[in-house]
Amino acid sequence: MPLSAVDCVQPALQHTRAQLFTRFRLGQWSRLALVGILAAELHVGGCGFPNLGSHWPRLPQKSHGGLWPSSALPWGFPPFNQAQIPAHLGQFIGLIVVAIFAAAVFSFVFLYINSVFRFILFDSVLRRECSISQGWGKWRRAGGRYFLWQIVLQIATWLFLLVLIGVPLALAFAAGWMTDLRQHAGRLIIAAILLVGLFVVFVLAIAVVQVLAKDFLVPIMALEDLDFADGWHRLLATIRPEKGRFVVYLLLKLVLSIAAGILFVMIPAVVAVVAGKAAGIGWDVTTISLVIILGTVLLFLLIYLIALVSVPATVFFPAYALHFLASRYPKLDVLLNPAPAPLVPELPPVPAPPPPFEAPPLPPSAEPIG
């Protein structure tokens, strides 16, 4: 009988305890932390941050010349020398263009790596053993198919956003609402409220699709060797008879994700990069590049430490999804909950064979008389 979302919590906890705590292995934890980062399985959301507004330094007022006084620049950053901006404008523009191009390339490469590591994480939780090198060779082909799905989702998302924002703006300009804002203020406010509502609904829909893909589409594609279109067809056929239970699963997973974020994120994620005024460091292309590089290294180190602490959550949530799906997917259930080996009855010991029969010795024959 299919398990409910609540019934799957306890088996997922037992799965996590058996994989991580029955026999603690630091190598497994470190590899699972890396897999969690690259598979984007870090549940750090839902953490409440205190109100820091009263502790921020107040911005000083500008001087009569329109520049920040160097002695009162907020947060101790060295002042910008506005006289040098025109001379370095080309360098700053070039740096921005390079940064945008690098970010685009990095995002594309990470999306492919993430696609493969979704399958590596699935296999690691299913087999209760993490091997990155073997997993990459085993799941690279399936990850490539899932990468195509993620590209399709990204393109569809951006196209829908362009339509969602572009069409109302075009209609507003065509109707003349933008030429006289005061006269059409009420209509613009109503249109903005409707647009924000549609945007929120769209964001929630995309989030649901992504959760269903990484939790259920990946196992089906892996076990059936399907592309993403056939995998979605199989998944939707599984969801259709139990829409309510899948909705409860999504809501409970949201609550558990918030709880995991509060529980596991204990490392303060505050990195302060302050340039010393005494050293006379100014903001130019070199110093900005160094700040970006050092900040990126510190950020990656912080992310890995958070992932290392969050390894139990990294294992629990895929296990939770697998146990929920396995009760509806016999092929996964056989692998996740293998039947115990049949007990062989103990046979009584075989008695030693009797010694071979030996005929009794014949009596001595009588000697002849005479």
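Look at Lys253 and Asp215 and you find a salt bridge, because one of the NZ, NE, NH1 or NH2 atoms lies within 4.0 Å of a carboxylate O, short of that distance. Note on Arg145 versus Asp225: salt bridge recorded, some NZ/NE/NH1/NH2 to OD/OE distance being below 4.0 Å.
Nearest heavy atom pair, residue Trp136 against residue Ile120, reads N-CD1, 3.7 Å. Closest of all the heavy-atom pairs between His15 and Val125 is NE2-O, 2.8 Å. Here the shortest heavy-atom pairing between Arg234 and Ile220 reads CG-CG2, 3.9 Å. Shortest non-hydrogen contact noted between Leu335 and Pro338 is O-CD, 3.7 Å. Closest approach of Leu34 to Tyr304, counting heavy atoms only: N-CE1, 4.2 Å. Summarising the geometry of Lys331 relative to Leu223, their closest heavy-atom pair is NZ-O, 3.0 Å, with the distance given to 0.1 Å.
Side-chain atoms of Leu159 and Ile155, non-hydrogen and from C-beta on, do get closer than 4.5 Å to each other. Side-chain contact between Thr238 and Phe216: absent, with no pair of heavy atoms (C-beta onward) separated by less than 4.5 Å. When side chains are defined from C-beta on, Asp123 counts as touching Lys138, because their heavy atoms get closer than 4.5 Å. You'll find the side chain of Leu198 stays beyond 4.5 Å of the side chain of Phe202, heavy atoms only. Contact check for Phe316 versus Leu256: side-chain heavy atoms found under the 4.5 Å cut-off. Side-chain contact between Tyr146 and Phe119: present, with at least one pair of heavy atoms (C-beta onward) separated by less than 4.5 Å. A heavy-atom distance below 4.5 Å is found between the side chains of Leu32 and Ser124. Between Leu126 and Leu336 there is a side-chain heavy-atom pair separated by less than 4.5 Å.
A single hydrophobic cluster is seen to contain both Val6 and Phe317, as judged by linkage of ILVMFWY side chains at heavy-atom distances under 4.5 Å, directly or through other members. Leu169 and Leu195 fall into different hydrophobic clusters, defined by Ile, Leu, Val, Met, Phe, Trp and Tyr side-chain heavy atoms under 4.5 Å apart, directly or through other members. Placement of Leu235 and Val208 within a single hydrophobic cluster is found when ILVMFWY residues are connected by side-chain heavy-atom separations under 4.5 Å, directly or transitively. The same ILVMFWY cluster, assembled from side-chain heavy atoms under 4.5 Å apart, contains both Val152 and Ile206. Residue Trp158 is grouped with residue Phe110 when hydrophobic side chains (ILVMFWY) are merged at heavy-atom distances under 4.5 angstrom, including chains of intermediate members.
The backbone N or O of Leu20 sits nowhere less than 3.5 Å from a side-chain atom of Gln28 that would complete a donor-acceptor pair. Of the possible polar contacts, one joining the Ser4 side chain to the Asp7 backbone as a donor-acceptor pair under 3.5 Å is found. Arg245 contributes a side-chain N or O that, together with a main-chain N or O of Pro2, makes up a donor-acceptor pair within less than 3.5 Å. Using modelled atom types, one side-chain atom of Tyr320 and one backbone atom of Ala5 make a donor-acceptor pair closer than 3.5 Å. A distance-only check finds no donor-acceptor pair linking the side chain of Lys214 to the backbone of Val211 [under 3.5 Å]. No donor-acceptor pair under 3.5 Å is formed between the side chain of Arg118 and the backbone N or O of Ile113.
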- Message: Before you tell me yes or no, could you show the steps for Phe108 and Phe147 under side-chain contact (heavy atoms from CB on, under 4.5 Å), namely the whole-Å CA-CA distance, both residues' side-chain angles and the distance that decides it to 0.1 Å?
- Response: CA-CA 10 Å; Phe108 190 79; Phe147 172 67; 3.6 Å; yes
- Task: Check the pair Asn114 / Gln150 against side chain to side chain donor-acceptor pair (under 3.5 Å), numbers first and verdict last.
- Result: CA-CA 10 Å; Asn114 169 261; Gln150 297 214 70; 3.0 Å; yes
- Task: Could you please spell out the steps behind the side-chain contact (heavy atoms from CB on, under 4.5 Å) verdict for Val35 and Glu41?
- Result: CA-CA 8 Å; Val35 171; Glu41 191 65 30; over 6 Å; no
- Message: Assess the residue pair Val218 and Leu121 against the criterion (side-chain contact (heavy atoms from CB on, under 4.5 Å)); give the C-alpha distance rounded to whole Å, side-chain angles, the decisive distance to 0.1 Å, and a yes or no.
- Response: CA-CA 10 Å; Val218 166; Leu121 179 61; over 6 Å; no
- Item | Val209 and Trp232: CA distance, side-chain angles, deciding distance, side-chain contact (heavy atoms from CB on, under 4.5 Å) verdict | CA-CA 10 Å; Val209 170; Trp232 271 113; 4.1 Å; yes
- Tell me, with the steps shown, if Phe122 and Phe117 meet ring-ring contact (aromatic ring centres under 6.0 Å, His included). CA-CA 8 Å; Phe122 155 74; Phe117 270 81; over 10 Å; no
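Between the NE2 atom in His233 and the CZ atom in Phe228 there is a gap of 14.5 Å [rounded to 0.5 Å]. To the nearest 0.5 angstrom, Tyr112 atom OH is 13.0 Å from Leu38 atom CG. The CG atom of Leu322 sits 11.0 Å away from atom CG of Asp333, with the distance rounded to the nearest 0.5 Å. With values rounded to the nearest 0.5 angstrom, Ser107 atom OG is found 8.5 Å from Gln154 atom CD.
With a 6.0 Å radius and a threshold of 12 heavy atoms from other residues, nucleotides or ligands, Arg141 has its CZ atom at or below the threshold.
Two rings, from Phe324 and Tyr329, have their centers 6.0 Å or more apart. Taking the six-membered ring where the residue is Trp, the centroids of Phe101 and Phe106 are separated by 6.0 Å or more.
Under 3.5 Å, the side chains of Glu129 and Gln19 contain no donor-acceptor pair of N or O atoms.
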